[in-house]
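Please read through the structure below; I'll follow up with questions.
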Amino acid sequence: GAVVSQHPSRVICKSGTSVKIECRSLDFQATTMFWYRQFPKKSLMLMATSNEGSKATYEQGVEKDKFLINHASLTLSTLTVTSAHPEDSSFYICSARDPRRAYEQYFGPGTRLTVT
Amino acid sequence: EDQVTQSPEALRLQEGESSSLNCSYTVSGLRGLFWYRQDPGKGPEFLFTLYSAGEEKEKERLKATLTKKESFLHITAPKPEDSATYLCAVLRGGSSNTGKLIFGQGTTLQVKP
């Protein structure tokens with residue numbers, strides 16, 4: 001149980017285009033999902049907390065107009081990187097809280113974004 | 001300010017050589033401490049949750065312990081497949097708890113055959 005998927009696993013896009021990343025909880029309903037960014041050999045940096053049916057809460061320094069988050073259902077959250085630039089290239093990972101397991105968060109496999 | 005510090009940053013062991021990873025934390029009211037394993041190019045894999053001082057949990061060659069100031073991840077007789085980055089994270093308690101985890105920088109473990 002507690003499986004989280006992400007799609008796509010890898011994406012290459014041109015500068016100026018937008019990219020959407022999906023995060024799904026496969027065997028549980030997640031009212032709260034989280035989006036992280038990870039740079040090489042670094043720990044996870046929380047970007048935003050996504051709550052089903054309400055606006056996402058962004059961490060300080062994260063541009064909400066650039067990183068659009070939508071949590072339209074209890075099993076799906078999406079992160080859209082708008083007008084992507086090379087500096088947005090990174091490893092993006094989502095996680096979801098399983099309400100059956102107290103405060104535990106389960107992570108997706110990650111999405112490698114490369115902007116050329 | 002809430003903070004999580006992991007040590008060492010990197011650890012190299014011979015197969016079978018037991019050791020411990022440390023996670024020191026300062027947090028306003030600990031709700032839970034979590035250990036994850038992360039392989040290169042993949043998302044973190046959940047290992048353990050510890051909720052109160054004195055608690056211990058085991059899984060195969062791994063054992064996690066918790067005190068009021070730190071947690072240890074003990075690795076007994078490691079194998080090369082235990083090579084990975086181990087991440088520690090804490091969740092703050094109280095009404096301000098948004099559910100977000102505070103991560104340490106991780107310990108990268110390499111086990112040589």
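It should be emphasised that the depicted structure is a prediction, and the values quoted were computed from it without experimental measurement. Every chain is numbered from 1, with letters handed out A, B, ... down the list of sequences. Hydrogens, waters and symmetry mates are skipped; everything else that's a heavy atom, side chains included, is used.
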Legend entry - Approximate separation, where rounding is to 0.5 Å, of A:K55 NZ and A:T49 OG1: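 Those atoms lie 16.0 Å apart.
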
Inset, instruction - Indicate the ring-plane relationship of B:F103 and B:Y36, choosing parallel, tilted or perpendicular according to the 30° and 60° boundaries. - result: tilted

Inset, instruction - Begin from the C-alpha positions of B:L30 and B:V90 and carry the test side chain to side chain contact (heavy atoms under 4.5 Å, CB included) through to its verdict. - result: CA-CA 7 Å; B:L30 180 72; B:V90 299; 3.8 Å; yes

Inset, instruction - Mind running side chain to side chain contact (heavy atoms under 4.5 Å, CB included) on B:F34 and A:Y103 for me, showing each step along the way? - result: CA-CA 9 Å; B:F34 307 83; A:Y103 305 101; 4.0 Å; yes

Legend entry - B:S20 side chain to B:N22 side chain, donor-acceptor N/O pair below 3.5 angstrom: no

Inset, instruction - Output, in order, the C-alpha distance, side-chain angles, deciding distance and verdict of side chain to side chain contact (heavy atoms under 4.5 Å, CB included) for A:I21 and A:W35. - result: CA-CA 10 Å; A:I21 302 170; A:W35 287 96; 3.9 Å; yes

Inset, instruction - Give me the contact list for residues 62-85 of chain B versus chain A, heavy atoms only, anything under 4.5 Å, ordered by residue number. - result: none

Inset, instruction - Could you look at B:I102 and say if it's the side chain, the backbone, both or neither that has a heavy atom under 4.5 Å from chain A? - result: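 It is neither, since no heavy atom gets under 4.5 Å.
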
Legend entry - Close approach to chain B in residues 66-82 of chain A, criterion heavy atom under 4.5 Å: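 Hits under 4.5 Å: none found.
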
Inset, instruction - Assert yes or no for the condition that the ring centre distance of A:Y36 to A:F107 is strictly below 6.0 Å. - result: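 Distance test on ring centres: under 6.0 Å, yes.
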
Legend entry - Donor-acceptor contact below 3.5 Å, side chain B:D2 vs main chain B:S28: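 Pair found, side chain donor or acceptor close to backbone of B:S28.
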
Can I get a per-line list of side-chain donor-acceptor pairs under 3.5 Å for residues 3-11 of chain B, giving both atom names and the distance, sequence neighbours left out?
from: B:Q6; atom 1: OE1; to: B:C88; atom 2: N; distance (Å): 2.9
from: B:Q6; atom 1: OE1; to: B:G106; atom 2: N; distance (Å): 3.0
from: B:Q6; atom 1: NE2; to: B:Y86; atom 2: O; distance (Å): 2.9

Inset, instruction - Under 4.5 Å, counting heavy-atom pairs only, tell me which of A:E104, A:E59, A:Q38, A:K41 racks up the most with chain B. - result: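 Heavy-atom pairs under 4.5 Å are most numerous for A:E104.
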
Inset, instruction - Please test A:T111 against A:V11 for side chain to side chain contact (heavy atoms under 4.5 Å, CB included), starting from the C-alpha separation and ending with a verdict. - result: CA-CA 7 Å; A:T111 296; A:V11 58; 4.2 Å; yes

Legend entry - Reported OG1-to-CG distance for the pair B:T108 and B:L21, which is rounded to 0.5 angstrom: 9.5 Å

Inset, instruction - With a 4.5 angstrom heavy-atom cut-off, could you sort out which part of A:Q6 is near chain B: side chain, backbone, both or neither? - result: neither

Inset, instruction - Measure from the side-chain N and O atoms of B:E17 to the backbone N and O of B:L13, and report whether any donor-acceptor pair falls under 3.5 Å. - result: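 No, B:E17 side chain to B:L13 backbone: no donor-acceptor pair under 3.5 Å.
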
Legend entry - Residues of residues 84-95 of chain A near chain B, each having a heavy atom less than 4.5 Å away: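 Hits under 4.5 Å: A:F91, A:I93.
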
